[in-house]
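Here is the structure we will look at, set down as structure tokens.
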Amino acid sequence: MPTYEFRCSSCGPFDAVFTMRDVPDATACRCGAAAPRGVTAPLLGRGGSTAMGLLDATKATADRPAVVSAPSPRTGRGAPSDPRHARLPHP
Ligand SMILES: [Zn+2]
């Protein structure tokens with residue numbers, strides 16, 4: 001179910017989960033006051049999921065690409081990536 005943001009005039013914004021069909025225009029805050037729903041897009045994904053983490057990482061690298069100054073020493077040219085490769089016959 002999506003998460004919606006509500007704004008209490010004294011406590012500030014808070015999130016509540018409703019179905020898209022049953023989301024009210026206002027709900028009761030923990031202080032008892034009526035809090036109107038904020039104008040935001042419903043948060044459909046769960047924040048801690050693997051898919052959300054991947055999306056966040058993709059957005060971060062789009063703005064700030066991870067640039068390296070040298071190839072990794074383990075995968076560089078000439079260095080065997082697997083020590084068993086050194087025992088293979090060479091031409
Ligand atoms: Zn409140």
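First listed ligand is number 1; within each ligand, the first listed atom is number 1.
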Please output the side-chain donor-acceptor pairs of residues 29-37 that fall under 3.5 Å, not counting sequence neighbours, one pair per line with the distance.
unit_1, atom_1, unit_2, atom_2, d
Arg37, NE, Pro24, O, 3.2
Arg37, NH2, Asp25, OD1, 3.4

Using every non-hydrogen atom in the two residues, find where Phe18 and Tyr4 come nearest and quote the distance to one decimal. O-CE1, 3.6 Å
Across all chains, not counting sequence neighbours, the side chain to side chain contact (heavy atoms under 4.5 Å, CB included) partners of Thr58 are Leu54
Residue pairs fulfilling salt bridge (Lys or Arg N to Asp or Glu O under 4.0 Å) with at least one residue in residues 2-13, sequence neighbours excluded: Glu5-Arg7
Have a look around the Zn ion (ligand 1) and list protein N/O/S atoms under 2.8 Å, or say none. Cys8 SG, Cys11 SG, Cys29 SG, Cys31 SG
Do Phe14 and Val39 belong to the same hydrophobic cluster, where Ile, Leu, Val, Met, Phe, Trp and Tyr are linked whenever their side-chain heavy atoms lie under 4.5 Å apart, directly or via other members? no
